[in-house]
Amino acid sequence: RSSDLTVPGAVGNDKCGKTIQIQSPGYLTSPNYPTSYYPSLKCEWLIQAPDPNEKIMINFNPHFDLEDRECKYDYVEISDGESAGAKPLGKYCGKIGRA
């Protein structure tokens, strides 16, 4: 479940999830953006820096707006790692702000 977010090096995307190797600044958007995303959609992207020691900066678009129901249904979750047990860094929903 994703909304519009800016991810340096990613590209405009109407597909739901894939591995993205960052090369230059770019954008990652939910499928069907700028219109509503599809119901019951679960997208997962693995975003990789060119070098394991580099960091990835994520900025949410000022229009970021997801249902705010305690991040139960619609949210963007960011983790550090590629497995299900990766360290969670944040879970975001509602208008720009941390859940």
Side-chain angles (χ1 to χ4, degrees):
R1 296 171 182 166
S2 175
S3 183
D4 180 37
L5 56 131
T6 305
V7 181
V11 294
N13 188 355
D14 60 358
K15 296 198 181 338
C16 188
K18 67 178 184 176
T19 297
I20 299 170
Q21 293 281 339
I22 291 182
Q23 301 301 322
S24 62
Y27 296 89
L28 175 64
T29 59
S30 58
N32 214 31
Y33 180 81
T35 58
S36 297
Y37 49 88
Y38 307 109
S40 302
L41 186 65
K42 181 176 181 181
C43 298
E44 295 182 18
W45 287 275
L46 174 59
I47 303 168
Q48 298 176 323
D51 182 276
N53 296 317
E54 292 182 313
K55 295 184 181 201
I56 298 170
M57 182 175 73
I58 298 175
N59 293 310
F60 288 96
N61 182 301
H63 303 290
F64 178 87
D65 187 8
L66 290 172
E67 291 180 64
D68 189 8
R69 296 191 180 151
E70 301 172 4
C71 293
K72 186 174 181 181
Y73 300 106
D74 296 349
Y75 56 87
V76 172
E77 187 169 24
I78 301 170
S79 301
D80 183 12
E82 58 185 277
S83 68
K87 176 184 172 188
L89 299 176
K91 191 172 185 179
Y92 304 89
C93 63
K95 296 189 186 291
I96 297 175
R98 192 171 181 151

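Starting from 1, each residue takes its place in the sequence as its number.
- To the nearest 0.5 Å, atoms SG (C93) and CD (E77) are separated by 11.0 Å.
- Under a hydrophobic clustering in which Ile, Leu, Val, Met, Phe, Trp and Tyr are joined whenever their side-chain heavy atoms come within less than 4.5 Å, directly or via other members, L89 and I22 fall into the same cluster.
- Contact record, L66 with Y75: CD1-CA, 3.6 Å, taken as the closest heavy-atom pair.
- In this structure, OH in Y92 is found 5.0 Å from CD1 in I78, a value given to the nearest 0.5 Å.
- Residues satisfying the salt bridge (charged side-chain N to carboxylate O under 4.0 Å, His left out) criterion with E82, sequence neighbours excluded, are absent altogether.
- Residues S79 and A86 come closest through the heavy atom pair CB-CB, 3.9 Å.
- In this structure, Q48 CD and Q21 CD are separated by 4.5 Å, a value rounded to the nearest 0.5 Å.
- For the atom pair CG (L41) and CG (N32), the distance works out to 9.5 Å, reported to the nearest 0.5 Å.
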